[in-house]
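Index from 1, following the sequence. Being a predicted model, the structure only gives us computed values, none of them experimental. All values below were derived from every heavy atom in this structure, side-chain atoms included, with hydrogens, water molecules and symmetry-related copies excluded.
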Amino acid sequence: MKTERRSADVLLSAAMALVFGLIFYTFNTPLGPSIGSDNAMYLTLGTALARGYAPYTQIFDHKGPMLYLLQMLPQLLSGGYSTLAVFIQQVIALFLCLRVVSRIARTLGAYSGVTQLFYLALIASLVGGGNLTEEYASLPTLLGAYAALRVFLRPDWTKRLFAPALLMGVCTMAAFLLRANNALPLAALTLTLAFCLLAKKQFAPLGQCAAGFAAGLALCALPVVIWLAARGALRAAWYGAIVHNMRYTETGGTGRVAMLLHSRYGLAAMLMAALACLGALALRKKSPMLALGMVAAAAAGALAAFLSRKFYDHYLILGAPMAVLGLAAALAAIQKPRVRAVSAIVLTCCCALWLGINGHAANRTRLSERADWAQFTADAQALMAQVPQDERDRFMAYRVEPRWYVAAEALPCMRFYFLQEVLAQADPAVMDEIVQTFETDPPRWLVIYYNRAFNPPYDARIAAIFETNYEFVDAAGQYQLLRLKEGLPCEPNS
């Protein structure tokens, strides 16, 4: 009976992950992907890496190297520009998240199915089409939280700490390597537990935890560092994933306090933190250390959502693991079986209604974004067809919609391949490098978006280069194909 129940729970998780993915992972869903913006960049990034580009030095994004690997894997297996391969990876990642959520619920004595459904309802309006760093960071964050839960709810929690600490270290580093701020919830949880051990003068357990955690960090980081070093991208990775990423967070103009207090974004962040704190309140007698760690992790998750001034909804996903842990603890704390059952039924109905409303909205958005896809693809491929095969390694699409690369199945010859002036807002040296490349080793073929006012506008130096060094070849839709003029001093082999 127990085995059958466990099998049914696994099947429920798989069904939930698949249905949720079909509806909410709109960028890559087999029902008709809408591609999106960030996802399009990642499709190009993954395809380029799968075809031999070096990370950061030949293809750039200010995310962590783990995201590079996650975007490369599906394209390596599929041949490139495969939305289906990415979708399968997303569903597998979500399924694993749900399995950890189920284990958390069962450990606390909460309803597994209800808790999983709540987790899906929590992230439904935040995934934004999917395939984003916070989505993938949820798995290591949930695993780390589950490891802490298993340890500190045991009566003999001071024993056998090395292995759980090792897992915590692996999970924290995995989240960090996706994007640095994604590691904040687990880092806060770990530090709080460590300070509690120190305050209790539990030096032997603290030593086990420190050794295991450090080993886990190294175990996760070492293969990635070796890969980056082998590709000659170690220094560039530090710049992209840390330096540029941190500078990019300050390029928005909205105040953090205003967003926290006067927006739906701030309300959602406070709600998730409150759920985690509610769970901590429920667990305070069983494990004061764990309760304190949950509060710290909830605060760190909220902080992570406000580090950047961009305030994209998907940043809020970082608070979801602690929120679902808090809800499960709160449900399990209800003593009367009838009250607990009624609460679970009400919560299930609310989650189902919320998922239905957001699912309808997501599908409507997907269909509207796909409305012009066939013509957009035809226009992109018509221009790309005019670029000779032996010159496609000198092709560049500049400041285009990121999905243009996907539609044309093209790859860039410069590492800053999207939103160039936007990236330069975080670091003007980016624009200097782009201008230098156009002056010394320019693309022979260039596609640009015309009849559109950009914000920020074209860099004046780039606009002058386009005007003087390139000639018009053809136009399709809102894009022009340009060719480098013959005989220019900057043209290689001229």
Just so I know, are the side chains of [X] and [Y] near enough to count as touching, which here means a heavy-atom distance under 4.5 Å?
{"X": "L355", "Y": "I23", "value": "no"}
{"X": "L260", "Y": "L267", "value": "no"}
{"X": "Y53", "Y": "R415", "value": "no"}
{"X": "L197", "Y": "M289", "value": "yes"}
{"X": "N181", "Y": "N245", "value": "yes"}
{"X": "L327", "Y": "L347", "value": "yes"}
{"X": "L177", "Y": "C220", "value": "yes"}
{"X": "R309", "Y": "M259", "value": "no"}

Can you give me the closest heavy-atom contact between [X] and [Y], atom names plus distance?
{"X": "A124", "Y": "N358", "value": "CB-CB, 4.4 Å"}
{"X": "L217", "Y": "G169", "value": "CD2-O, 3.3 Å"}
{"X": "R154", "Y": "K159", "value": "NH2-O, 2.6 Å"}
{"X": "L184", "Y": "A300", "value": "O-CB, 3.4 Å"}

Say whether [X] and [Y], considering side chains only, have a donor N or O and an acceptor N or O under 3.5 Å apart.
{"X": "D427", "Y": "Y239", "value": "yes"}
{"X": "D61", "Y": "Q71", "value": "no"}
{"X": "Q89", "Y": "Y136", "value": "yes"}
{"X": "Q116", "Y": "S112", "value": "yes"}
{"X": "N363", "Y": "R366", "value": "yes"}
{"X": "Q90", "Y": "N28", "value": "yes"}

**Item:** Over-ring placement of K286 relative to F152, 6.0 Å and 45° cut-offs
**Value:** no
Pairs touching [range] that satisfy ring pair (Phe, Tyr, Trp, His ring centres under 6.0 Å), sequence neighbours left out:
{"range": "residues 262-293", "value": "Y265-F306, Y265-F311"}
{"range": "residues 170-221", "value": "none"}
{"range": "residues 109-131", "value": "none"}
{"range": "residues 80-106", "value": "none"}

For the side chain of [X] and the backbone of [Y], is there at least one donor-acceptor N/O pair under 3.5 Å apart?
{"X": "T172", "Y": "M168", "answer": "yes"}
{"X": "Q425", "Y": "E421", "answer": "no"}
{"X": "S287", "Y": "L283", "answer": "no"}
{"X": "R340", "Y": "A332", "answer": "yes"}
{"X": "E134", "Y": "L318", "answer": "no"}
{"X": "T47", "Y": "T44", "answer": "no"}
{"X": "R284", "Y": "L281", "answer": "yes"}
{"X": "H244", "Y": "L423", "answer": "yes"}
{"X": "T29", "Y": "G32", "answer": "no"}

**Asked** Do the rings of H62 and F60 sit parallel, tilted or perpendicular, given the 30° and 60° boundaries?
**Response** perpendicular
**Request:** With side-chain contact (heavy atoms from CB on, under 4.5 Å) as the test, would you mind laying out the steps for E135 and Y25 before giving the verdict?
**Result:** CA-CA 11 Å; E135 172 190 334; Y25 291 158; 3.7 Å; yes
Above 12 or not: heavy atoms from other molecules or residues under 6.0 Å from [atom1] of [X]?
{"X": "R256", "atom1": "CZ", "answer": "yes"}
{"X": "R235", "atom1": "CZ", "answer": "no"}
{"X": "W354", "atom1": "CH2", "answer": "no"}
{"X": "R370", "atom1": "CZ", "answer": "yes"}

**Message:** Would Y56 and Y68 count as a ring-ring contact (aromatic ring centres under 6.0 Å, His included) here? Give the steps.
**Reply:** CA-CA 9 Å; Y56 297 102; Y68 280 67; 4.3 Å; yes
**Request:** Not counting sequence neighbours, which residues clear side-chain hydrogen bond (donor to acceptor under 3.5 Å, both in side chains) with T141? List them please.
**Result:** none
**Message:** Assess the residue pair I317 and S138 against the criterion (side-chain contact (heavy atoms from CB on, under 4.5 Å)); give the C-alpha distance rounded to whole Å, side-chain angles, the decisive distance to 0.1 Å, and a yes or no.
**Reply:** CA-CA 8 Å; I317 295 175; S138 295; 3.4 Å; yes
**side chain to side chain contact (heavy atoms under 4.5 Å, CB included) involving S82 - partner list, sequence neighbours excluded** = Q75, S78, L84, A85
**Prompt:** Can a salt bridge be assigned to the pair R403 and D372 using a cut-off of 4.0 Å between side-chain N and carboxylate O?
**Reply:** yes
**Asked** Passes side-chain contact (heavy atoms from CB on, under 4.5 Å), M294 versus L325? Steps please.
**Response** CA-CA 9 Å; M294 286 175 63; L325 173 57; 3.9 Å; yes
**Prompt:** What do the steps show when you test S343 against L331 for side-chain contact (heavy atoms from CB on, under 4.5 Å), and what is the final call?
**Reply:** CA-CA 8 Å; S343 300; L331 280 177; 4.3 Å; yes
**Request:** Find the distance between CD1 (I35) and CZ (F27) and round it off to the nearest 0.5 Å.
**Result:** 9.5 Å
